[in-house]
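Everything on this sheet refers to the single structure shown next.
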Amino acid sequence: MRDEILQSFDIQGFQNNLINWYLDNKRDLPWRKDQDPYKVWVSEIMLQQTQVDTVIPYFQRFMSKYPTVYDLAYADPQDVLKTWEGLGYYSRARNLQNAVREVAETYNGKVPDDPKQLGKLKGVGPYTKGAILSIAFNQAHPAVDGNVMRVLARVLELEDDIAQPKVKKQFEHYAGALISHNDPSSFNQGLMELGALICTPKEPLCMFCPVQEHCRAFQEGTVHDLPVKSKAKKQKKIPYTVLLVKNSHNEYLIEKRPEDGLLANMWQFPMVPAGEVNKGEIENWFKLEYGINVSLSAKQTDLKHVFSHIIWQLEVFAALTASEKAEDERLRFVSREELEDYPFPVSHQRMIPYLP
DNA sequence: AATTCGGGGCC
DNA sequence: GGCCCAGAATT
């Protein structure tokens, strides 16, 4: 790499200022009560692309349901998914349980402290590996997330586009060069805490920054120009007609999504791809696709749901059927109360108030 | 290297 | 509307 960037950098002073600030100002978070590797692991998975305030209640519920590696290893995957409901990126839950089962079987229930073994676990990438090693095992491995890239881009005044994968590897190199070997846990968490509380994306609080004297962007007045990040392309809009199908027993038709792809293994109300099926053909299409005769009734509402890469435009209709049972394994008629037992994506939770 | 994975908070 | 968030897996 370009190590001349670190030539005149006061690594020791930076470490001391950062760590002392962190120890004095760290938030009292539920996963910071101890260094249990399993808890650190679960918290780091939940915190991927997810803000602290969102994670807190999920972490509490998850740990009370699955206090140990073995509790999670032996749990029903559908129950785990239900516990994850609303948190998003549901493959995280499936990967976590698969990895925990491997830890139970292969590593005698102990989270491995070996970087190679840890990195092979499902869902444990470069960031999470470094976070677990440093926080739970006090090993000096870098843990570079979005916060750390923003902080380092400013402190070292790095103008590389942080949206590019190769740039993250460069930042990991710098983070590895800066990390405290005396207290890698506080150093890594301090970088992230600084990014969350002080070195924020917009309007950073430089006046309160513990490493202001080390920050090249502050010295040069370029804080607002960093980090450089290219824009993501706009999401594609996909229209659906959703059918809230009710039968004579006041039961509603739900279906289980495929085991791969978007919202894998979650349940939902049947969706008709409106881009491929005309309004007048919906009932025929439904009979062919689901084997159930329905009659469309009143439109209930329009909903828009934004994902990272697509936007669902949902037109929600009520519908009636004479059917009482569905042949297909992925289909079920359930009462309003029984709906609560199934993991639903937020987009479909929002339809429940409109059930006929 | 680019795309696929959720959802909420903020402006 | 756009941007950000304690990213990883897949292609």
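Residue numbering restarts at 1 for every chain, and letters A, B, ... go by the order of the sequence lines. Below, all heavy atoms of this structure are taken into account, side chains as well, without hydrogens, waters or symmetry copies.
- Taking atom C1' on both dG8(B) and dA9(C), the two are 23 Å apart, rounded to the nearest angstrom.
- In this entry the distance linking CE of M46(A) with C1' of dA8(C) reads 16 Å, nearest Å.
- Look at the C1' atom in both dC4(C) and dG6(B): the space between them is 14 Å, to the nearest Å.
- Applying the ring pair (Phe, Tyr, Trp, His ring centres under 6.0 Å) test to pairs two or more places apart or on separate chains, none has a residue in residues 103-162 of chain A.
- Evaluation of atom-type donor-acceptor distances gives a pair under 3.5 Å for the side chain of S308(A) against the base of dG6(B).
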Sequence neighbours left out, cut at 3.5 Å: what donor-acceptor pairs do the side chains of residues 232-243 of chain A make with other protein atoms?
residue: Q235(A); atom: NE2; partner: F307(A); partner atom: O; Å: 3.2

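- Where K202(A) and A264(A) meet DNA chain B, the nucleotide closest to each residue was compared, and A264(A) sits on the side nearer the 5' end.
- Taking atom CD1 of residue I45(A) and atom C1' of nucleotide dG7(C), one finds them 9 Å apart after rounding to whole Å.
- Residue pairs satisfying the salt bridge (Lys or Arg N to Asp or Glu O under 4.0 Å) criterion with at least one member in residues 337-348 of chain A, sequence neighbours excluded, are absent.
- Across the protein-nucleic acid pair, Q48(A) atom CD and dG6(B) atom C1' stand 13 Å apart, rounded to whole Å.
- Scanning residues 340-355 of chain A for heavy-atom distances under 4.0 Å to DNA chain B yields P345(A), V346(A), R350(A).
- Taking the charged nitrogens against the carboxylate oxygens, K129(A) and E44(A) have no contact shorter than 4.0 Å, which rules out a salt bridge.
- The heavy-atom pair separating K39(A) from D34(A) by the smallest distance is NZ-OD2, 2.8 Å.
- Closest of all the heavy-atom pairs between L72(A) and Q97(A) is O-NE2, 3.0 Å.
- Separation of the Y252(A) and F269(A) ring centroids does not fall under the 6.0 Å cut-off.
- Annotation for K120(A): atom NZ does not count as buried by contact number, only 12 or fewer foreign heavy atoms lying within 6.0 Å.
- Using a cutoff of 4.0 Å between basic side-chain nitrogens and carboxylate oxygens, K82(A) and E85(A) are scored as salt-bridged.
- A donor atom on one side chain and an acceptor atom on the other are not found under 3.5 Å apart for R92(A) and Q48(A).
- In this structure, W41(A) atom CH2 and dA6(C) atom C1' are separated by 17 Å, rounded to whole Å.
- Of the residues in residues 78-104 of chain A, those lying under 4.0 Å from DNA chain B by heavy-atom distance are G86(A), L87(A), G88(A), Y89(A), Y90(A).
- A heavy atom closer than 4.0 Å to some atom of DNA chain C occurs in W31(A), R32(A), these being the qualifying members of residues 31-38 of chain A.
- The distance from atom NE2 of H309(A) to atom P of dA8(C) is 19 Å, rounded to the nearest whole Å.
- Between N147(A) and G119(A), the residue anchored closer to the 5' end of DNA chain C is N147(A), taking for each the nucleotide with the nearest heavy atom.
- For the pair R101(A) and K122(A), the minimum side-chain heavy-atom distance is 4.5 Å or more.
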Validation: residues 23-31 of chain A side-chain donor-acceptor distances under 3.5 Å, sequence neighbours left out:
residue: N25(A); atom: ND2; partner: W21(A); partner atom: O; Å: 2.8
residue: R27(A); atom: NE; partner: E193(A); partner atom: OE2; Å: 3.0
residue: R27(A); atom: NH2; partner: E193(A); partner atom: OE1; Å: 3.0

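- Between the CZ atom of R257(A) and the P atom of dC5(B) there is a distance of 9 Å, rounded to whole Å.
- Closest to the P201(A) side chain, of the nucleotides dA6(C), dC5(B), dC5(C), is dC5(C).
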Please tabulate, for the side chains in residues 195-209 of chain A, all donor-acceptor contacts under 3.5 angstrom to protein atoms that are two or more places apart in sequence or on a different chain.
residue: T200(A); atom: OG1; partner: K202(A); partner atom: O; Å: 3.1

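- When the C1' atom of dT11(C) is taken as reference, atom CG of D260(A) falls 14 Å away, rounded to whole Å.
- For DNA chain B, none of the residues of residues 184-197 of chain A falls under the heavy-atom distance limit of 4.0 Å.
- Residues from residues 220-240 of chain A with heavy atoms under 4.0 angstrom of DNA chain B, sorted by number: K233(A).
- dC11(B) sits 16 Å from dA6(C) when the P atoms are compared, rounded to a whole Å.
- Residue contacts for R27(A): at a heavy-atom cut-off of 4.0 Å it reaches a base atom on one of the strands shown.
- Each of P165(A) and Q49(A) has a nearest nucleotide on DNA chain B; the 5'-most of these lies closest to P165(A).
- Partners of S91(A) by side chain to side chain donor-acceptor pair (under 3.5 Å), not counting sequence neighbours: none found.
- Between the side chains of S64(A) and Q60(A), no donor-acceptor pair is found at a separation under 3.5 Å.
- Side-chain atoms of T50(A) and base atoms of dG6(B) include a donor and an acceptor less than 3.5 Å apart.
- Environment of CD in Q212(A): crowded, with over 12 heavy atoms of neighbouring residues, nucleotides or ligands closer than 6.0 Å.
- One atom, CD of Q51(A), and another, P of dG6(B), lie 18 Å apart when rounded to the nearest Å.
- Taking a 4.0 Å limit (strictly below) on heavy-atom distances, residues 124-140 of chain A reaches DNA chain C at V124(A), G125(A), P126(A), Y127(A), T128(A).
- The side chain of H305(A) contributes an N or O atom lying less than 4.0 Å from OP1 or OP2 of dG7(B).
- Pairing each heavy atom of L226(A) with each of A153(A), the nearest pair is CD1-O, 3.5 Å.
- Salt-bridge annotation for D302(A) and K299(A): present, with a side-chain N of the basic residue lying under 4.0 Å from a carboxylate O of the acidic one.
- Relative to the ring axis of Y58(A), R61(A) places its NZ or CZ within 45° and under 6.0 Å from the centre.
- Salt bridge status for D328(A) with R330(A): present, with a side-chain N to carboxylate O gap under 4.0 Å.
- Heavy-atom nearest nucleotides on DNA chain C were determined for L121(A) and for E44(A), and the one closer to the 5' end corresponds to E44(A).
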